[in-house]
There are 2 protein chains.
Amino acid sequence: MGRRAEALELAVLGLLHDAPMHGYELRKRVNSLLGWGRAFSYGTLYPALKEMVRRNYLAEDAPADATATQPARSGRRGKIVYKLTPEGKERFADLMAQTGPSAWDDERFGVHFAFFGRADAETRMRILLGRRNRLQERLDQFRSSLSRTRERLDAYTLELQRHGLESVEREVKWLDDLISAEQASIGTTTAQARATKPRATAGEPPADPTENEGENGR
Amino acid sequence: MGRRAEALELAVLGLLHDAPMHGYELRKRVNSLLGWGRAFSYGTLYPALKEMVRRNYLAEDAPADATATQPARSGRRGKIVYKLTPEGKERFADLMAQTGPSAWDDERFGVHFAFFGRADAETRMRILLGRRNRLQERLDQFRSSLSRTRERLDAYTLELQRHGLESVEREVKWLDDLISAEQASIGTTTAQARATKPRATAGEPPADPTENEGENGR
DNA sequence: TGCCCGATGTATCATTCCGATACATCGGAT
DNA sequence: ATCCGATGTATCGGAATGATACATCGGGCA
């Protein structure tokens, strides 16, 4: 199926879990959900949506808007609202429950993480751990290959390498913090509304006192 | 031609500038040069190499290795060493001198930066500035879109957003530092071998929004 | 001595994916 | 009144990937 398409499928399923949407908005949401990464194009989204309808994960729905009576207007190209079917919910649950490399993959980890609120604690932990280990591994072989060829690099190339390394290191640290937070919350939670936030670092950047945190709503 | 292919072309040209190589090693070097990003596959590399040979940027060369005499062995699939032609050097210089979005693009910035040592100071500065502004812009619209929909996000999604934001902010800071370093070295250097390293973490932050080409991504 | 195996090496191809574009409607600014 | 940018659905040529095939080589080891 292709890793990327799989990530897209999960993202669509997850977003439609909250509310029905049409393609245009879906695309914006998916791409802002993953923010940083490469954006999905319509050439990927629409075929994917069709396939998902075909498999009965989604249902199309053309809402009768204000202009109620729309008779046999053939060439009419109306808005199409997609919503989740029960099969779609099931599919989402299946995909979320996966803990193999297909979950901590570069392409797919972000989507999985975004919907962690709908996964169980054990799954979360396995994915976090898997992701962390993969990055750590990559870090190690990168470092060793660097030390083998360091002498012949000019200053800019070297700086690029250093910066890349630092980024991945930071990523690992982020994951470590998240893992700690998860572990802490396992101890304190059994059948009770959890209030612990996954945020465990002492950051200040946004300077923006928000109270959000409904934990996972719906 | 495709952004990605262009990045690959520049990387190949730049690497062969130092020493001839064959495809296998070329691929390893290119991919470790960019480290973090997506790796190029052979299905991309070999066709690209052929095209570059066709355009006369590269010359193939089957070196007579230690086992000197290799007679009319027909089906022999030998190693192919690629080396830069004068046209190739020219092409490299042309690509490096570009300062449009095609230089500070997500795909291409890294390669350009890696070979900054062979670009002049003015080009370096323009690319750095362009890249910085592009990221800053992306940051702004991301922040505003976040504040518009913040209330309905669950904790994990929010954390993902926050982390993405932080990464880009850090990237901008990195660029700011590099820009400061470049500016400092402009003052002290005219027609002299520069020994200053690009790394100098005493940034004079943004200060001045110079001209920018905006070009939008998603 | 022979054999196996992982690294090196070149090459291709079906499938997947992107980027550009076409087409259409709508609300708001001038 | 009309222009224009945002919203919206859809497709297609071509670019890129991931998998695979094929081949050589050096070294470990029974």
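Order of the sequence lines sets the chain letters (A, B, ...), proteins ahead of strands, with each chain counted from 1. No hydrogens, no waters, no symmetry mates; every other heavy atom, side chains included, goes into these values.
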**Q** Heavy atoms, side chains only, cut-off 4.5 Å: are B:E166 and B:R170 in contact?
**A**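 A side-chain contact exists here, since the closest heavy-atom pair is under 4.5 Å.
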**Q** Any side-chain heavy atom of A:D105 sitting closer than 4.5 Å to one from A:E6?
**A**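 A:D105 vs A:E6: side chains apart.
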**Q** Relative to the ring of A:F113, is the ring of A:F116 parallel (under 30°), tilted (30 to 60°) or perpendicular (over 60°)?
**A**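 A:F116 vs A:F113 ring planes: tilted.
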**Q** Below the 4.0 Å mark, does D:dA16 have OP1 or OP2 next to a side-chain nitrogen or oxygen of B:S41?
**A**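 Checking B:S41 against D:dA16: no side-chain N or O falls below 4.0 Å of OP1 or OP2.
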**Q** Starting at CD1 of B:I80 and ending at C1' of D:dA23, how long is that distance when rounded to a whole Å?
**A**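 Roughly 13 Å, once rounded to whole Å.
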**Q** For A:L45 and D:dT9, what is the distance between atoms CG and C1' respectively, to the nearest whole Å?
**A**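 Interatomic distance, CG of A:L45 to C1' of D:dT9: 10 Å.
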**Q** When A:H17 is tested against each of A:Y82, A:Y57, A:F115, A:F92 for ring-ring contact (aromatic ring centres under 6.0 Å, His included), which residue passes?
**A**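 Exactly one candidate clears the test, A:F92.
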**Q** Report the distance from atom CG of B:D105 to atom C1' of C:dG19, rounded to the nearest whole Å.
**A**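 B:D105 atom CG is separated from C:dG19 atom C1' by 13 Å.
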**Q** Measure from the side-chain heavy atoms of B:A5 and tell me the nearest of D:dA16, D:dT9, C:dC17.
**A**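 My answer, after comparing the listed nucleotides, is D:dA16.
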**Q** Would you mind reading off the distance between A:Y82 atom OH and D:dA10 atom P, rounded to a whole angstrom?
**A**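 To the nearest whole Å, that distance equals 6 Å.
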**Q** Hey, is the side chain of B:Y46 poking within less than 4.0 Å of OP1 or OP2 on C:dT10, counting only N and O atoms?
**A**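 B:Y46 to C:dT10 OP1/OP2: side-chain N or O found under 4.0 Å.
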**Q** Between C:dG19 atom P and B:D106 atom CG, what is the distance in whole Å?
**A**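 Rounding to the nearest Å, CG of B:D106 and P of C:dG19 are 11 Å apart.
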**Q** Expressed as a whole number of angstroms, how long is the span from B:E107:CD to C:dC17:C1'?
**A**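 My rounded result for the distance is 13 Å.
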**Q** Return the 5'-most residue of the pair A:G43, B:G23 with respect to DNA chain C, ranking by each residue's nearest nucleotide.
**A**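 On the 5' side of the pair lies B:G23.
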**Q** When the distance from NZ of A:K79 to P of D:dA10 is rounded to whole Å, what number comes out?
**A**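 Rounded to the whole Å, the gap is 13 Å.
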**Q** Taking the side chain as every heavy atom from C-beta outward, state whether A:E169 and A:R143 have any atom pair closer than 4.5 Å.
**A**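 Yes, close enough: below the 4.5 Å cut-off.
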**Q** Is there a side-chain contact between B:Y24 and the phosphate of C:dT8, meaning an N or O under 4.0 Å from OP1 or OP2?
**A**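 For C:dT8, OP1 or OP2 has a side-chain N or O of B:Y24 closer than 4.0 Å.
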**Q** Look at all strands and tell whether B:A39 reaches a base, only sugar-phosphate, or nothing, counting heavy atoms closer than 4.0 Å.
**A**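 The residue B:A39 makes sugar-phosphate contact but no base contact.
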**Q** Does the side chain of A:R3 get closer than 4.0 angstrom to OP1 or OP2 of C:dC17 through an N or O atom?
**A**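 A:R3 to C:dC17 OP1/OP2: no side-chain N or O under 4.0 Å.
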**Q** So which nucleotide from D:dA10, C:dC18, C:dT10 ends up closest to the side chain of A:Y42?
**A**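 Closest nucleotide among those given: D:dA10.
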**Q** Rounded to whole Å, please give me the gap between CZ in A:R29 and C1' in D:dG8.
**A**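 Between C1' of D:dG8 and CZ of A:R29: 16 Å.
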**Q** Let's see if you can work this out: which of D:dT17, C:dG9, C:dC18 has an atom nearest to the side-chain heavy atoms of A:R38?
**A**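 It is C:dC18.
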